[in-house]
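Please read the structure below before turning to the comments.
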Amino acid sequence: SPAVANSGGPDSTCLLFLLSRLRPSVSVVSLHVNHGLQPASADMADRAAANAASMGIPHRTLHIPWGRPPFPHRPVPSTPFENIARQARYNVLFRGMTHSGASILALGHHADDQVETSLMRLARGSTLVGAAGMRRRRRWGMGEGNSTDDLAWVGHPGMSHFIIRPLLDFPKDRILATCDSHALNYVNDPTNLHPETTLRNAVRQMLASPALRMTEPPPLQRDTSESLKQIKRASAFLQSIATDVTDTRERLRRATSLLAERAEQLDSQVTEQLQNGILPSPPSTLLLSSPKLLAVDDPVVRFAMVLRAMRYVSFHPWGSTRADGDRRRAGIHRIMNHLWPAEPSVVSLERFTAGSGVLWTPVLYSHNKGLKIRSESLCHLEQPCGGQSAWLASRLPPFLKNPQEGAGSASRLSVDLTKQFILALATSRDVLQVLYDCRFLVGFDLTQIPKHVRDALNNAQDQPISIKILPQTDYFWPKVVLRKGSDPDLVLAVLDEKGGIDTLGSRPWISMEWVRLLDAT
């Protein structure tokens with residue numbers, strides 16, 4: 001069942017109304033976020049609640065707890081706060097959605113919002129794929145950061161929750177007409193009318209003006225004014241894509257719609273090519289056949305394939321920009337130059353990395369002998385040296401010389417669960433789950449915990465003990481150990497080469513699940 005982000009404005013009011021009229025009926029819940037950052041906040045919250053009540057839809061008003069970690073202190077109106085407010089809003093929306101039992105959040109973004117997004121991305125130098133704008137449907141993902149201390153972090157639950165935008169094909173005037181024809185009451189966010197507040201507001205005013213001109217430019221910061229110049233150039237480019245439409249605004253909508261269609265087609269092509277080129281490999285890795293890769297000619301498809309592979313293998317949160325190598329073209333093109341060399345008959349054998357925490361290793365694959373790292377300086381594809389030429393993508397080893405505890409440091413691979421175990425047992429919890437390295441979901445069935453482990457935890461005051469997840473193998477798989485004082489570690493569970501779990505004679509009470517996906521969204 002979906003939750004609707006209900007601001008009380010026309011877009012979300014229209015969406016809420018349309019979903020309430022679906023047949024067969026859909027169970028919907030309305031969620032409103034009161035930022036408490038403007039005088040109109042209370043009125044908007046009241047309108048959102050009243051609209052939901054008039055449609056017979058359950059409603060919750062969510063407040064942002066400014067100043068309570070991970071939320072920062074309440075932003076001051078004189079400072080730019082759009083990004084912080086957005087992160088805070090999505091944080092409480094995710095919590096509200098999961099609390100209500102919904103797995104889908106429906107947003108009221110429409111075709112004109114899509115045009116704004118496309119123009120802003122093009123102005124920042126995005127590719128045509130990025131300029132396709134917001135997706136109609138996407139997985140929420142793990143968020144940004146690595147812990148609950150980060151405002152944009154949601155962790156593993158984000159992998160089973162989605163965002164949808166059902167109104168992306170409809171312009172704003174169509175939405176307003178729907179509200180009028182059904183006598184739907186709504187409020188307009190007054191901050192949307194201030195072009196000096198955000199770049200998006202300035203773009204919105206520009207698009208609403210005749211011939212896309214700002215007749216009375218507001219007092220903008222210098223970088224915003226320069227961005228608007230870039231956006232006007234982006235607008236001219238977008239309009240050149242849809243030459244079969246005369247009206248300027250409709251031409252922009254048509255162009256962004258075409259770009260979105262191309263992006264969806266690209267997703268399908270990449271999925272097909274990856275499925276065609278993947279070879280069996282150890283858990284947490286991705287093995288791509290070099291001959292199959294070389295059969296892919298389109299550089300746009302190649303670029304997207306690299307991004308998809310990086311996101312799958314990376315130890316950065318799935319769906320984050322860091323998992324995509326920050327989309328730095330230089331790094332992605334470096335990977336492409338290795339996977340698709342200018343001289344296909346000869347392949348360089350160097351192991352390398354170029355972003356997102358992924359190590360690329362040239363290997364030979366044999367169905368009978370498995371993987372073998374190449375030792376020759378050069379290897380001809382026509383004479384594959386005893387196996388099929390392939391590239392193995394795996395987790396980059398930690399930066400052992402890095403003293404700081406960052407995403408690439410070794411410290412994140414050693415996770416102490418002792419306090420979590422003691423608390424879980426004290427509160428009679430049945431299950432404990434831990435996202436390890438943003439790659440594996442390690443689960444513990446506490447109803448099946450072995451007696452010697454429970455006894456050790458109960459006697460923790462008499463002898464120092466700890467339960468930890470440590471890395472094992474060159475692929476940094478999780479290994480659960482029990483440590484008692486200076487005694488050697490007692491291994492409780494390990495992952496084997498086929499993805500199975502060995503609990504070393506105990507009942508199967510520990511699970512290890514690879515959670516990253518190769519899906520487009």
Pair listing, side chain to side chain donor-acceptor pair (under 3.5 Å) test, anchored in residues 49-70, at least two apart:
Thr13-Asn51, Ser30-His59, Arg47-Asn51, His59-Thr61

Salt-bridged, [X] to [Y], with N to O below 4.0 Å?
{"X": "Arg138", "Y": "Asp519", "answer": "no"}
{"X": "Asp437", "Y": "Arg395", "answer": "yes"}
{"X": "Asp112", "Y": "Arg204", "answer": "no"}

Step through it carefully: locate the ring centre of Phe444, locate the ring centre of Phe421, and say whether they are under 6.0 Å apart.
yes

For a quick test of your reading: what N or O donor-acceptor pairs under 3.5 Å do the side chains of residues 152-163 make, sequence neighbours left out?
residue, atom, partner, partner atom, Å
Ser160, OG, Pro157, O, 3.2
His161, ND1, Pro157, O, 2.7

Side chains of [X] and [Y]: does their closest heavy-atom pair fall under 4.5 Å?
{"X": "Met120", "Y": "Val203", "result": "yes"}
{"X": "Leu31", "Y": "Val4", "result": "no"}
{"X": "His109", "Y": "Asp11", "result": "no"}
{"X": "Ile467", "Y": "Lys419", "result": "no"}

Go through the side-chain N and O atoms of Ser284 and Trp514 and say whether any donor and acceptor fall under 3.5 Å apart.
no

Test item: side-chain donor near acceptor, Arg308 and Thr271, under 3.5 Å
yes

With sequence neighbours excluded, what pairs up with His99 under the ring pair (Phe, Tyr, Trp, His ring centres under 6.0 Å) test?
none

Any donor-acceptor pair under 3.5 Å linking the side chain of Ser12 with the backbone of Ser7?
yes

